[in-house]
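For reference, the structure discussed in these notes is given below.
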Amino acid sequence: MSSTAIITCKAAVAWGAGEALVIEEVEVDPPKPMEIRVKVISTALCRSDITQWESKAFPHLYPRIFGHEASGIVESVGEGVEEFKEGDHVLTLFIGECMKCKHCTSGKSNMCQVLGLERTGVMHSDKTTRFSLRGKPIYHYCAVSSFSEYTVVHSGCAVKINPAAPLEKICLLSCGVAAGLGAAWRVADISKGSTVVIFGLGTVGLSVAQGAKLRGASQIIGVDINPEKFEKGKAFGVTKFINPNDCNEPVQQIIKRITDGGADYTFECIGDPGMITTALQSCCDGWGLTVTLGVPKLKPEIVAHCALLLSGRTLTGSMLGGWKPKSDLPKLVDMYLNKEIQIDEYVTHDLPFTEINKAFDLMREGKSLRCVIHMPK
């Protein structure tokens, strides 16, 4: 169904960097050609939402609606959209898949040249916004903006999923859980019996752990300064916990000692460039692989001695775990429905939309993995 009507709904609007979100009545435009309007059912708070909300680097992108890890139901479709219809269950995608560009057709990459990560607060198609408040535009986040009862996304930035999947759980595959599993399976391709070290045991890090466990890793070492993360980590396969605050020597030395010269795979899931170097130093010579997944808060530059690479180590990164989102995510949804992967266990809090600022507080205090925010019925 195509719609020409503007919808008035509630959205959590950020008026400035680090300022508490305000629930406002906003107007949401109808979808333009090749776009869909989605009724958001559930949206989870991701660490990258907080990183960008705290950043003072983009003061011109306010007011803004954050949120990108979400599930919903298609409310209407724009001209030219054929793959979606009203009532379809979807996951939103912060990187899309146009199916036609060099990257999409390569089989080697998920970095779509047409619908890649959108950083300027507007829609991919016409570089304008679909939200407004009292006649003034509100900027988007990652071309998703799921902290709103309704949102508009490009049809390439959503994927239709099995309607049997519970939307209040499956939203985690829109970003965090998928990113960790993909890093373990697609990017690192972890082998049975290998040693794995994970720096940062949030949702992404613990999803790497789950992926490593399912691949049969012999040792999964979790590194985190929050001791509560160890108990949580056990449920996803973490076999040993290292708290850097309790160590009298550099973490990489401890890891090299207990892994006989270094781990086969290390994963940096914090967003700390210094920790990327530590992760690289924790790898073994010859074939050690470091995968970086975190979004840095401040200085993004990595400093590492070239000898680390000359000795045969590899440093790589990924976005959304390397998954081609429209092609691959439905398979992960089916794996969840077949009880082959865990998702429910990452949800530590369920909150109504009116308490969205509490979700921010819980994550900043290290008290949650994922808060799922439930939109009004």
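From a predicted model like this one, the values you see are computed outputs, not experimental measurements.
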- Return yes when atom CD of Glu82 has more than 12 non-hydrogen atoms of other residues, nucleotides or ligands closer than 6.0 Å, and no otherwise. no

- Item | Nearest-0.5 Å distance that lies between atom CG in Asp328 and atom CG in Asn110 | 8.5 Å

- When rounded to the nearest 0.5 angstrom, what is the spacing between OG1 in Thr203 and CD in Glu345? 12.0 Å

- Message: So for atom CD, which belongs to Gln113, do other residues, nucleotides or ligands contribute more than 12 heavy atoms lying within a distance under 6.0 Å?
- Response: yes

- Item | Parallel, tilted or perpendicular: ring planes of Tyr346 versus Phe236, cut at 30 and 60 degrees | parallel

- Let me know which of Leu289, Ile276, Leu308, Val291 forms a side-chain contact (heavy atoms from CB on, under 4.5 Å) with Leu315. Ile276

- What do the steps show when you test Thr128 against Arg130 for side chain to side chain donor-acceptor pair (under 3.5 Å), and what is the final call? CA-CA 7 Å; Thr128 65; Arg130 300 291 175 269; 2.9 Å; yes

- Task: Mind checking the CG-CD1 spacing from Asp344 to Ile170? Nearest 0.5 Å is all I need.
- Result: 8.5 Å

- The single option from Ser145, Ser146, Ser71 passing side-chain hydrogen bond (donor to acceptor under 3.5 Å, both in side chains) against Thr43: Ser146

- Query: Are the side chain of Arg313 and the backbone N or O of Cys283 linked by a donor-acceptor pair below 3.5 Å?
  - Reply: yes

- Task: Answer yes or no: does atom CD1 of Ile225 have more than 12 heavy-atom neighbours from other residues, nucleotides or ligands under 6.0 Å?
- Result: no

- Message: With a 4.5 Å cut-off on side-chain heavy-atom distances among I, L, V, M, F, W and Y, is there a chain of contacts connecting Phe230 to Val196?
- Response: yes

- When you measure from the side chain of Arg64 to the backbone N and O of Ala17, does any donor-acceptor pair fall under 3.5 Å? no

- Task: Would you sort out whether Arg370 and Cys46 count as a side-chain contact (heavy atoms from CB on, under 4.5 Å), showing the intermediate values?
- Result: CA-CA 7 Å; Arg370 276 295 186 266; Cys46 176; 3.6 Å; yes

- Task: Treating Ile, Leu, Val, Met, Phe, Trp and Tyr as nodes and any side-chain heavy-atom pair under 4.5 angstrom as an edge, say whether Val40 and Val333 lie in one connected cluster.
- Result: no

- Which of these, Thr278, Thr266, Thr314, Thr277, sits in a side-chain contact (heavy atoms from CB on, under 4.5 Å) with Thr290? Thr266

- Using 4.0 Å as the upper bound for N to carboxylate O, is an ion pair formed by Asp334 and Lys331? no

- Task: Using a strict cut-off of less than 4.0 Å between a Lys/Arg side-chain nitrogen and an Asp/Glu carboxylate oxygen, indicate whether Asp88 and Lys85 qualify as a salt bridge.
- Result: yes

- May I ask you to say whether Arg215 pairs ionically with Asp189, meaning some side-chain N is under 4.0 Å from a carboxylate O? yes

- Going through the distances and angles, do Ile138 and Thr129 end up as a side-chain contact (heavy atoms from CB on, under 4.5 Å)? CA-CA 7 Å; Ile138 303 174; Thr129 73; 5.8 Å; no

- Task: Give a yes or no on whether a salt bridge exists between Glu149 and Lys10, defined as a side-chain N under 4.0 angstrom from a carboxylate O.
- Result: no

- Task: Under the side-chain contact (heavy atoms from CB on, under 4.5 Å) rule, what do Glu249 and Arg257 come out as? Steps first, then yes or no, please.
- Result: CA-CA 12 Å; Glu249 59 182 319; Arg257 188 167 60 248; 2.7 Å; yes

- Quick one: CG on Leu320 to CE on Met111, what's the gap to the nearest 0.5 Å? 10.0 Å

- Can you measure from CZ (Phe241) to NZ (Lys229) and round to the nearest 0.5 angstrom? 8.5 Å

- Item | Whether over 12 other heavy atoms sit under 6.0 Å from Lys127 NZ | yes

- Item | Greater than 12 external heavy atoms within 6.0 Å of Lys39's NZ | yes

- Message: When you group the ILVMFWY residues by side-chain heavy-atom contacts below 4.5 Å and let the links chain together, are Tyr336 and Val208 in the same group?
- Response: yes

- For Cys9 and Ser148, which heavy atoms make the closest approach, and how far apart are they? SG-OG, 3.7 Å

- May I ask you to decide if the ring planes of His140 and Phe131 are parallel, tilted or perpendicular, using 30° and 60° as cut-offs? tilted

- Item | Over 12 non-hydrogen atoms of neighbours within 6.0 angstrom of CG in Asp260 | no

- Query: Asp264 and Trp287: side-chain donor and acceptor closer than 3.5 Å?
  - Reply: yes

- Query: In terms of hydrophobic clusters joined by side-chain contacts under 4.5 Å, are Val251 and Ile198 together?
  - Reply: no

- Measure the spacing between CG of Leu115 and SG of Cys157 and express it to the nearest 0.5 Å. 4.5 Å

- Query: Is Met123 linked to Met34 within one hydrophobic cluster, defined over Ile, Leu, Val, Met, Phe, Trp and Tyr using a side-chain heavy-atom separation of less than 4.5 Å?
  - Reply: no

- Query: Are side-chain N/O atoms of Glu268 and Thr292 paired as donor and acceptor at under 3.5 Å?
  - Reply: yes

- When the aromatic ring centroids of Tyr141 and Phe66 are compared, is their separation below 6.0 Å? yes

